Every structure is written in C-alpha cells, then in structure tokens.
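Source: prediction; values computed, not measured. Proteins get letters first, then strands, A, B, ... in listed order; numbering begins at 1 in each. FYI, side chains are in, hydrogens and waters are out, and symmetry mates aren't considered; it's all heavy atoms of this structure.
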There are 2 protein chains.
Amino acid sequence: MQLVEIQTYVAKCIATLRERGMRRTRALELVIEEMATAGRPVTIQELAAKPSLEQQCDQATVYRLVIKLLEQGLVRKLGLHERSAYFALLIPGEHHDYLVCTECGAIKSIDMSCPVKKLEKDIMKSSGFSKVYHELEFYGVCPKCA
Amino acid sequence: MQLVEIQTYVAKCIATLRERGMRRTRALELVIEEMATAGRPVTIQELAAKPSLEQQCDQATVYRLVIKLLEQGLVRKLGLHERSAYFALLIPGEHHDYLVCTECGAIKSIDMSCPVKKLEKDIMKSSGFSKVYHELEFYGVCPKCA
DNA sequence: GTAATTGCAAATACTTTGCCACGTA
DNA sequence: TACGTGGCAAAGTATTTGCAATTAC
C-alpha cells in the first residue's frame with residue numbers, strides 16, 4: 001500500500017470502530033497505521049517497539065488494542081497456536097494439511113492431493129530460497145460449535 | 001497409522017537417532033510414540049500431560065526431547081511464531097500468503113493467484129465447517145542465510 | 001567409566017489483569 | 001459528566017536453563 005492509501009485505510013478502520021462505540025485515540029491510529037505499513041504479520045512486541053508507539057503508549061495498551069481489533073474482525077491471528085507452539089512428526093508419506101476450528105480449537109488432519117506442492121519449485125526459482133516446504137491450514141467453525 | 005506401524009516407525013526413529021549419538025530412553029520412545037498416535041500437531045504441554053509421559057518424566061524433559069527431535073529434523077514446528085503470536089490486518093484485496101526464512105525469521109509477502117481458495121468450498125461441503133478460510137505459508141532458507 | 005540424559009528449581013519471556021487516573025465525546 | 005482507555009505493576013502461563021544426580025552404553 002502507498003502512504004496515501006494507508007491514511008485512507010486507517011481513517012476507514014477508525015470510522016468503522018467508532019460506529020461500534022470505540023473511541024478515536026492516537027494509540028489506536030498508530031497501531032493500525034504501523035500494521036498497515038509493515039505489510040506482513042507482526043508480533044505485538046514488534047509493534048510496541050516501533051518508535052512512534054514506544055513513545056506513545058505502554059506495551060499493555062498495544063496488547064489490548066490488537067486484541068480489540070481481533071475481536072472486531074479487522075485483524076487476523078495467524079497460526080494454530082493458543083499461546084503454545086505446535087509440533088508434528090514428519091512421517092514419510094503422511095499429509096500435513098489441517099482443518100482447525102476457530103471456536104474450540106479442534107485440529108483434524110485432512111487428506112487431499114495437495115495443490116500447493118507444485119508451487120514450491122516455482123518459489124525456489126523466483127525467490128532464491130532453498131529447502132522450501134509449505135504449511136497449509138484451513139480454519140472455520142466446526143459443526144458442533146456452529 | 002495402525003498400532004503395528006507406529007511401533008515400526010518408533011523403532012526406525014530410535015535407530016536413526018542412535019546412529020547420531022543419542023541414547024535410547026523410555027521417555028524418548030514415549031514422546032515419539034505419543035506424537036505418532038496423536039496423528040496431528042500437538043503442544044508440548046499436551047504431550048507432557050499424556051498419562052504415560054506424565055508418570056514417566058518431568059515436563060522439562062519433554063521440552064528437551066521435542067527440541068532435539070526438531071534439531072534432528074524428525075519433527076516440524078508449525079507456524080510463524082518465535083514464542084509470540086503473529087497478527088496481520090485483513091485488508092480487502094490484499095493477499096495473505098507468506099514466505100518465511102527458517103534461519104533468520106524474515107517474513108515476505110508473496111503475490112500469487114492462490115490455488116487454494118477454490119478448495120475452501122469443497123472443504124465446507126465435505127466437513128460441515130462454516131466460515132472457512134485458509135492460511136498458507138512457504139518456509140525455506142533465504143539467500144542471505146544459505 | 002564416560003558422556004548423555006534427567007529432575008528439580010530458578011530464571012526468562014510473553015501475555016493478561018486489576019485498579020485508579022485520564023481523555024474523548 | 002460518563003464511560004471507554006491508558007499506565008503501571010503484579011499475576012499468570014509458557015519456555016528455557018543450571019547443576020547435581022542418574023542412566024545408557
């Protein structure tokens with residue numbers, strides 16, 4: 001995103017949040033702006049350490065803001081983790097794609113011919129990365145939680 | 001995997017590890033066995049809480065064993081996280097696939113027509129999950145770290 | 001016997017919370 | 001003024017580490 005677009009985007013987010021009863025504060029603006037500028041997933045610590053935020057507010061505030069953005073659906077939390085890391089055995093011939101319930105956290109393995117495997121070669125070529133593998137997860141609400 | 005296969009698999013892992021100087025211990029066998037039995041990603045806490053492991057060894061041991069399996073390449077750690085969670089803004093029209101360096105942790109967004117989008121519908125139908133979305137990351141070693 | 005492994009407890013790191021002061025509308 | 005927010009410090013949870021005792025080979 002370009003700078004101007006980011007400003008527009010931030011304004012739009014704030015407007016949405018204001019409609020839902022949240023107040024416009026400098027810290028809120030900055031969090032959205034920094035996330036948009038980053039252009040990739042960031043940790044809360046990373047965010048809180050940005051000069052603008054560091055001098056603007058406490059780390060706890062950044063935590064609270066990001067969580068609020070998450071609840072409001074403006075932000076997504078990546079990965080399967082609920083605080084702790086997940087590990088899986090690399091069993092030859094076994095698939096490694098999962099279907100995860102965003103409500104109860106249940107994780108199911110899904111069996112399918114993976115359409116992404118082929119892309120790994122392309123990516124190695126175009127990015128210069130080596131030893132490329134992928135991870136693919138589907139998230140949704142399972143029947144029990146619906 | 002069936003029970004017999006699991007036993008065979010565990011034995012094979014142990015053999016590999018023995019060749020690399022590790023010792024065969026009950027805790028090591030159990031960790032591999034429990035991970036294989038789980039058939040999906042697990043947290044270390046989850047593992048350590050399995051009755052067999054709980055009565056066999058300390059939680060710190062399970063941490064150390066899983067990390068060793070990770071170093072030996074028998075296990076994969078899922079997700080982008082280095083201890084902390086990652087968050088990304090949901091910007092309409094922006095892609096959400098990433099290329100991550102397993103050495104230095106650098107995260108790059110990658111632009112491509114995502115081949116997985118189409119599968120979401122299939123999965124909703126076959127699994128009964130609703131509000132399905134996906135997450136796709138490629139991992140590898142970036143040119144700088146190679 | 002020797003070196004890898006383990007238990008236990010202490011140290012770190014990350015995240016969440018309580019409570020009162022403060023700022024926005 | 002009223003209620004959402006923010007700061008600060010303490011609590012909670014996950015992970016890592018030091019070191020002496022133990023175990024595998």
Non-hydrogen atoms of B:C142 and A:F129 that approach each other most closely: CB-CZ, 3.3 Å

Rounded distance (Å) that lies between atom C1' of C:dC22 and atom CD of A:Q56: 14 Å

Closest non-hydrogen atom pair between A:K77 and A:L70, with its separation: N-CD1, 3.5 Å

Residue closer to the 5' end of DNA chain C, B:C57 versus A:Q45 (nearest nucleotide): B:C57

Gap between atoms CD1 and P, on A:I67 and D:dT5 respectively (whole Å): 14 Å

A:V141 with A:I110, same ILVMFWY side-chain cluster at under 4.5 Å: no

Sugar-phosphate or base contact per nucleotide [nucleotides 20-25 of chain D; S, B, -; heavy atom under 4.0 Å]: ---BBS

Touch class at under 4.0 angstrom, heavy-atom based, for B:E82 against every strand present: nothing

Nucleotide nearest A:A85 when distance is taken to its side chain, options D:dT15, C:dT6, D:dT13: D:dT15

Between C:dT6 (P) and B:L30 (CG): distance, integer Å: 11 Å

Nearest-0.5 Å distance that lies between atom CD in B:E33 and atom OG in B:S52: 7.0 Å

Joint hydrophobic cluster, B:L28 plus B:V62, side-chain heavy atoms closer than 4.5 Å: yes

Touch class at under 4.0 angstrom, heavy-atom based, for B:I44 against every strand present: nothing

Quick one: which protein N/O atoms are closer than 3.5 Å to N/O atoms of nucleotides 17-20 of chain C? Pair and distance per line, please.
unit_1	atom_1	unit_2	atom_2	d
C:dG18	O6	A:R64	NH1	3.3

Sugar-phosphate only, base, or nothing, as touched by B:L65 at under 4.0 Å among non-hydrogen atoms: sugar-phosphate

Atom-to-atom span, CD of A:E46 to C1' of C:dA13 - whole angstrom: 16 Å

N-O pairing of B:K68 and B:E71 below 4.0 Å: no

Partner residues of B:R40 under the salt bridge (Lys or Arg N to Asp or Glu O under 4.0 Å) criterion, sequence neighbours left out: B:E46

